[in-house]
Each structure stands twice: as structure tokens, then as C-alpha cells.
Q: 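Structure below; questions to follow.
Note: hydrogens, waters and symmetry copies are ignored here, and every other heavy atom, side chains too, is used. First the proteins, then the strands, lettered A, B, ... as listed; each starts at 1.
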There are 2 protein chains.
Amino acid sequence: MVVNAYMVDGVRTMGPMRMSFDERLGSHLKRVEQELTTAKTAAVKPAGLTVPQYAALFVLAEQPGISAAELARRCLVTPQTMTTILRNLEAAALIERTPHPLHRHVIETRPTPAGRKALDQADERAVSVERRLAAAFSQDELDTLRKLLARVSETLTSDPVLGS
Amino acid sequence: MVVNAYMVDGVRTMGPMRMSFDERLGSHLKRVEQELTTAKTAAVKPAGLTVPQYAALFVLAEQPGISAAELARRCLVTPQTMTTILRNLEAAALIERTPHPLHRHVIETRPTPAGRKALDQADERAVSVERRLAAAFSQDELDTLRKLLARVSETLTSDPVLGS
DNA sequence: AGAGATTAATCAGAGCTCTGATGGTCGTCA
DNA sequence: TGACGACCATCAGAGCTCTGATTAATCTCT
């Protein structure tokens, strides 16, 4: 237990009784996602990549020449965000961008050899994080967790009041 | 199924067989967390708040006078990030910051009446998101989900290779 | 062929988030 | 008392993320 020498105020004021953070599914999801991001960030960092850059390279390695818009959809980010990510990848010479031979307004993006190398390096460590994580659960538990998460997703995206 | 009129390249190149995104727990967690963030962002927006601002105000309402450092810990962000959030809240006159009477290097932060009002407004809608979400599950399922998420968290933070 | 819808790319701007670095304040202990 | 360590606050810089808006190319349908 940390005793904070500068603790300044423990007084509670009367007010509306709110739902505590701990009751909220969102808190737990946020914490877990953040911890996972931290672990993955550390995993891909030796390869000189960020997590979003790793995700983009991953998709690019399987589908070289894909458009930035399509890449954004696969990586679950907006096209504007993908533009930012690609700008940094291109500056690091990990991808190449060339106009599409037929559709002039489409730009094809491909990983460079250096990009593939960085991806391989990052992927090995990222997968090891996933494997260690999965090893903490039985197959049944993993299935259950996936199903429950899928239900959360459905609830959020189908409810007209909540999601899209 | 969306047919992309601009689909540019479906050719797959041979390469290392990687773990697919769908197999990765991280993908599911990321997607769900992102959807939840989207829903919460929409929920607190009418109150003129962002999700991090809402979280900060929430803690501040329960513990007015808390230091920025302590606030950062409760909100699971770094002190630097909290500085950014507080700067925006102060600019919007939703919080007040005054030097601590005893410890000159500590600054006490408190919500203004406008801040409390915005919080109340945001909280109502944020809680409704949580309630609708929870309503999609039985009590048993919620417990299971929480336990599984807790195990993910433990695995990530206790494993010396992964977390801290 | 032309109008309108759709898609791609990207700029602008705001906000959150991190790491790294700095300077100041306070408590502890030799 | 003075050195040291812990902690607070915050600047600097990089990167990701979103919404909103613009420009251009392509497709579809009349």
C-alpha cells in the first residue's frame, strides 16, 4: 500500500450516488485493453514500429498494393488516421506508394524489404504475447470470452441508441 | 457484402503463415473497446465533454481538491496526460485550480458549478449506455466476463515478459 | 453524354496519449 | 543542517485518433 505523503483531501461531499467505475464493464474493458496495448507496444518497439504501424504492415504484407482506404477499413481506423500512419511508415522507408496503373486516383501501397523485415521481427514478438495470454485460459474459457465479447460488440453496434 | 468498385489487388503473395487477427484476443478486445468508446463519446458529447474529461470530472466530484497526480492515477493515465485534460477543462471553466494552502507545490483542483452540471448531464447518459450493455447479459454472464477480463489483466501485469 | 452518387486521398484542427526531461517542494535521515 | 530521495507540475515532442471539409476520379443511371 502506497502512503502518499502529499495526500491533500480525503473529504467526500454529499452528492448524487453514481454508478462506481468498478461496476462498469467499460472500466474493465478499458483497463485490459490498455494493458494489452502496453504489452504489444513493448513487443513491437524493438522492430522500430508502433502498434498501428505493425497492424498496417501486417495487412499490407498479405495484400500488397491495397488502397489506403481499404487498409483503413481492415485496421479499424478512419482513412485520415491511416494517412497519418502511412506518412510515418513512408518516412521510415518501410512502405512504398505508387499510383495505380488503371485508377489514377488510387495509390497503391506496398511494404519495402525493410518493411517486411521489421514486420517479421515485430510479428514474432507480438504473437508470443498473444500465445502467453492464451495460455492462461482453457479452450473453453477462450471460446466463452470470445463469445461474450462478440455479444458486447453486437449490443453496441445494433442498439440504435448506442452505436451506429 | 460490399463490392468495392475500386478493389485494386486481390493477389496474395507467398510468405510466412502468420496468426490471423481473428485468432488474436487483442483484436476482439480492441474492437469492443473502440465501439464502447464511440458509444460513450456520443453519450457525453451533448454535455460538451470528452470521455477522459468526463472521467476526470467524475473523480473530482467525489474527491474535490485532489492533486493532478492522484487524479491521473485514478483515471489510469500519466500525469502528463492529465495535465492536458485539465488544461482543456480549465479553459472551458469546468474546473478551478488553486495552490494547496500547506504544500505550495501541490495544486488543488475542483469542479466548478458548471463542471458539476456538465458531469451530471454526461453521467446520466453514460450510465444509460452501461445499463443497456449490462442488460444484454445475465448476471452469471456478467460475472464470468468480469472474471475472465480480470484474468487477462493479471496475466498481462504479472508475466515478467509481458507487462511491468 | 451528362447528372448525381460513391469512393479515394488528404488538409486542417482538436484532443488524448505516451516517453523524456526539467525544476521545484517536501520529508527523511545521517 | 544538508544531502538524498520521493513526489508534484509541466514543457517538449512524437504519434494516434477523431470530425469536418475539400478536391478529384470513377461508376451508375437516365
Q: Taking C-beta and beyond as the side chain, do Leu60(B) and Ile66(B) meet within less than 4.5 Å on heavy atoms?
A: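 Yes, their side chains come closer than 4.5 Å.
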Q: Does Arg97(B) place a side-chain N or O at less than 4.0 Å from the phosphate oxygens OP1/OP2 of dT10(D)?
A: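 So the side-chain polar atoms of Arg97(B) do come within 4.0 Å of the phosphate oxygens OP1 or OP2 of dT10(D), strictly under.
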Q: Does the base of dG15(D) carry an N or O that pairs as donor and acceptor with the side chain of Gln53(A) under 3.5 Å?
A: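 Answer is no: no donor-acceptor pair is held.
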Q: Please tell me which of the listed nucleotides, dG15(D), dT19(C), dA8(C), lies nearest to the side chain of Arg73(A)?
A: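 Between dG15(D), dT19(C), dA8(C), the one nearest the side chain of Arg73(A) would be dA8(C).
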Q: Please determine if a side-chain N or O atom of Gln34(A) lies less than 4.0 Å away from the OP1 or OP2 oxygen of dC18(C).
A: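 For dC18(C), OP1 or OP2 has a side-chain N or O of Gln34(A) closer than 4.0 Å.
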Q: Pairing donors with acceptors under 3.5 angstrom, does anything connect the side chains of Glu35(A) and Ser153(B)?
A: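 There is such a pair (donor and acceptor under 3.5 Å, judged by atom type) between the side chains of Glu35(A) and Ser153(B).
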Q: On DNA chain D, nearest-nucleotide positions of Ala69(B) versus Leu76(A): which is more 5'?
A: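 Whichever sits nearer the 5' end wins; that is Ala69(B).
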Q: Would you indicate, yes or no, if dC16(D) has its OP1 or OP2 atom less than 4.0 angstrom from a side-chain nitrogen or oxygen of Thr50(A)?
A: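 Yes.
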Q: Using the ring of each side chain (for Trp, its six-membered ring), is His103(B) parallel, tilted or perpendicular to His100(B), with breaks at 30° and 60°?
A: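 Tilted: the ring planes of His103(B) and His100(B) meet at 30° to 60°.
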Q: Return the value, rounded to whole Å, for the distance between atom NE2 of His100(A) and atom P of dT7(C).
A: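 Whole-Å distance recorded here is 17 Å.
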Q: Ignoring hydrogens, what is the shortest heavy-atom contact between Phe21(B) and Ser27(B)? Give both atom names and the distance.
A: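 The pair with the smallest heavy-atom distance is O-OG, 2.8 Å.
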Q: Between Asn88(B) and dA14(C), does any side-chain N or O lie under 4.0 Å from OP1 or OP2?
A: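 For dA14(C), neither OP1 nor OP2 has a side-chain N or O of Asn88(B) closer than 4.0 Å.
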